[in-house]
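Contents: one structure, followed by commentary.
Below, chain A is the first sequence line, B the second, and so on; all start at residue 1. Basis for what follows: all heavy atoms, side chains included, without hydrogens, waters or symmetry-related copies.
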Protein chains: 2
Amino acid sequence: MPIPVQESPFARKLGAYVALTDTEFAILAALHKRRRIFPAGQDMIYQGQSVRAAYILASGWVCSYKILPGGARQIVDFQIPGDFLGLRSILFRAADHNVEPLTRVTASEVLASDLIDAFTRTPRLATAVLWAVSRDEAMVVEHLINIGRRDAMQRTVHFLLELGARLMLVGLGTKEGYACPLSQYVLADALGLSAVHVNRILRQLRERHLLTFRNGKVIFDDFDGLVELAEFDLAYLDQSGPLLR
Amino acid sequence: MPIPVQESPFARKLGAYVALTDTEFAILAALHKRRRIFPAGQDMIYQGQSVRAAYILASGWVCSYKILPGGARQIVDFQIPGDFLGLRSILFRAADHNVEPLTRVTASEVLASDLIDAFTRTPRLATAVLWAVSRDEAMVVEHLINIGRRDAMQRTVHFLLELGARLMLVGLGTKEGYACPLSQYVLADALGLSAVHVNRILRQLRERHLLTFRNGKVIFDDFDGLVELAEFDLAYLDQSGPLLR
DNA sequence: CCTGCGTCCTGATTTAGATCAGTCCAGCCC
DNA sequence: GGGCTGGACTGATCTAAATCAGGACGCAGG
């Protein structure tokens with residue numbers, strides 16, 4: 001494959017959509033100049049904040065969520081290395097969601113002006129970013145389908161499979177399983193279930209020798225069985241070769 | 001307000017984010033050259049299709065949905081005049097969702113090449129489109145929260161209020177109510193509920209003099225009461241004056 | 001050392017919403 | 001007119017998941 005894979009997983013991801021030139025890679029690299037570190041648990045972005053910075057995640061896991069007036073929390077998505085996060089907080093007047101690191105995180109800060117600058121210098125990059133945002137939207141949509149129309153078991157399995165697929169794309173997972181820093185409470189908030197029920201579902205999955213979720217690890221005991229159970233579409237995140245040359 | 005409001009509701013929407021120049025308006029207008037008409041019920045875009053066309057909706061209502069292997073349907077979002085639809089079907093190899101007109105629809109067809117062309121000529125437009133896509137994503141997120149963490153009553157009301165807010169922005173609704181071509185079945189598919197249950201919820205809302213859903217119309221009998229019941233954030237779609245000059 | 005605290009785990013009970021199985025009514029076609 | 005069809009509407013029953021109420025383990029901090 002002739003794609004020059006530069007250092008950042010973000011560049012690699014965009015490169016999977018648009019065949020980027022050296023100049024474009026250079027412009028992309030310039031977006032990574034402000035590297036920052038966040039400890040686990042300290043919100044990077046919060047509802048109502050008007051700081052207007054976004055981040056490209058280099059290492060660690062974060063989650064985006066919203067809190068309802070009643071105190072209930074819904075996690076919208078998790079971000080893993082290579083993901084862009086908080087774009088809406090720079091395009092909108094104020095952030096409409098919270099972003100919390102689940103582990104220690106390193107990320108590059110991107111300001112609105114940096115991004116607009118980069119677009120002006122190379123409009124192809126704008127298309128690539130648009131694609132990345134659309135891909136994120138597609139995942140939120142799949143998450144919506146999950147919560148709206150699948151029962152707790154299918155939902156849990158579909159979610160853990162999707163996470164696995166995403167991690168495989170950045171080399172952090174295999175068909176055997178992956179390291180996963182999520183507690184059952186966090187998982188429950190993402191799945192729209194109670195923690196108690198998530199616990200029962202995980203027990204059933206373990207007893208049926210399908211999946212083991214334990215000690216910060218997800219182990220696929222029967223990958224094919226899981227794919228069938230959750231009606232998981234193996235193709236859906238697949239991206240084989242740039243669409244735009 | 002000094003924004004030159006050109007004919008299309010789409011241009012008006014983008015103009016609310018970026019202060020567009022005459023040249024930019026002209027480029028935008030050129031995107032509207034292929035006007036097409038679709039009858040109600042005939043899918044404009046369907047899962048797996050690789051035609052790669054998107055549309056800017058000029059009149060009528062459409063819905064985007066996915067069908068699960070079991071036959072269950074989840075409606076992801078409705079689009080109303082001024083909305084961009086099917087962007088993911090031009091950026092991805094194949095469409096990942098279906099789009100069905102709920103009424104007779106007129107729309108402008110946009111090809112991938114048109115869009116990339118327009119971005120090259122004016123990168124500011126790219127930022128504006130990115131903003132529009134992000135706004136759509138924010139709505140999908142709100143929809144996710146709705147389904148994940150609100151009960152049937154709050155969920156229904158929140159949804160109908162949001163639709164109202166969107167329609168007000170394009171002059172198709174007021175605080176009194178709006179014309180709404182949705183059947184209770186369609187509403188159920190959007191809310192992730194059964195049609196039977198939606199019917200019961202609507203009856204309760206009517207009996208409590210909060211909202212009347214009947215004969216293709218939504219009437220807010222007690223707007224403030226509804227906002228309170230659904231914990232609806234009146235500011236969330238609000239956009240007062242362009243952010244980017 | 002004991003005191004918390006967080007995570008995992010469980011049985012008993014309750015409830016929101018699904019499913020089943022219809023009725024009623026308006027519009028449409030022959 | 002009679003026979004359809006599709007939407008709105010309803011009572012009875014069932015069930016998935018929530019909630020309540022706890023126990024057990026590990027480990028960080030005084």
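Applying side chain to side chain contact (heavy atoms under 4.5 Å, CB included) to B/L226 and the options B/D221, B/L161, B/L160 leaves one that passes, B/L161.
Salt bridge annotation for A/D96-B/R135: absent, with no cationic side-chain nitrogen under 4.0 angstrom from a carboxylate oxygen. A salt bridge is defined here as a Lys NZ or Arg NE, NH1 or NH2 lying under 4.0 Å from an Asp or Glu carboxylate O, and A/K13 with A/D83 meets this definition. Salt bridge A/R88/A/D136: absent, no basic N to carboxylate O contact under 4.0 Å. Ion pairing between a basic and an acidic side chain is recognised when a charged N comes within 4.0 Å of a carboxylate O; A/K66 and B/D233 show no such pairing. Ion pairing between a basic and an acidic side chain is recognised when a charged N comes within 4.0 Å of a carboxylate O; A/E176 and A/K217 show no such pairing.
Here C/dC25 presents its C1' atom at 14 Å from CD of B/Q184, a figure rounded to the nearest Å. The CG-P distance, from A/L191 to D/dA18, rounds to 10 Å in whole Å. One interatomic measurement links the two molecules: CG of A/L102 to C1' of C/dT7, which rounds to 15 Å at whole-angstrom precision. Atom NE2 of A/H197 is separated from atom P of C/dT10 by 14 Å (rounded to the nearest Å).
Closest to the side chain of A/S194, from the set D/dC9, D/dT19, D/dA17, is D/dT19. Residue B/N199 has its side chain nearest to D/dT10 when only C/dT7, C/dG17, D/dT10 are considered. Between D/dC9, D/dG7, C/dG11, one nucleotide has an atom nearer to the side chain of A/V196 than all others, and that is C/dG11.
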Worksheet item: Are A/R200 and A/V196 close enough, and set up right, to give a side chain to side chain contact (heavy atoms under 4.5 Å, CB included), and what steps lead you there?
Response: CA-CA 7 Å; A/R200 281 189 247 272; A/V196 176; 2.8 Å; yes

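Taking the six-membered ring wherever Trp is involved, the centroid distance between the rings of B/F232 and B/F223 does not fall below 6.0 Å.
For the helix from C/dC1-D/dG30 to C/dC30-D/dG1, the end axes, each set by the C1' atoms of five terminal pairs, are bent relative to each other by 30° (nearest 10°).
Two residues are said to be in side-chain contact when any heavy atoms from C-beta on lie closer than 4.5 Å; A/H143 and A/E162 fail this criterion.
Within residues 200-218 of chain A, the residues having any heavy atom closer than 4.0 Å to DNA chain C are, in order of number, A/R200, A/R203, A/R206, A/R214. Within residues 149-161 of chain B, the residues having any heavy atom under 4.0 Å from DNA chain C are, by residue number, B/D151, B/A152.
Contact detail for A/L91 and B/S134: the closest heavy-atom pair is CD1-OG, 3.3 Å. Minimum interatomic distance between A/I45 and A/H97 (heavy atoms only, all atoms of both residues): CG2-O, 3.8 Å.
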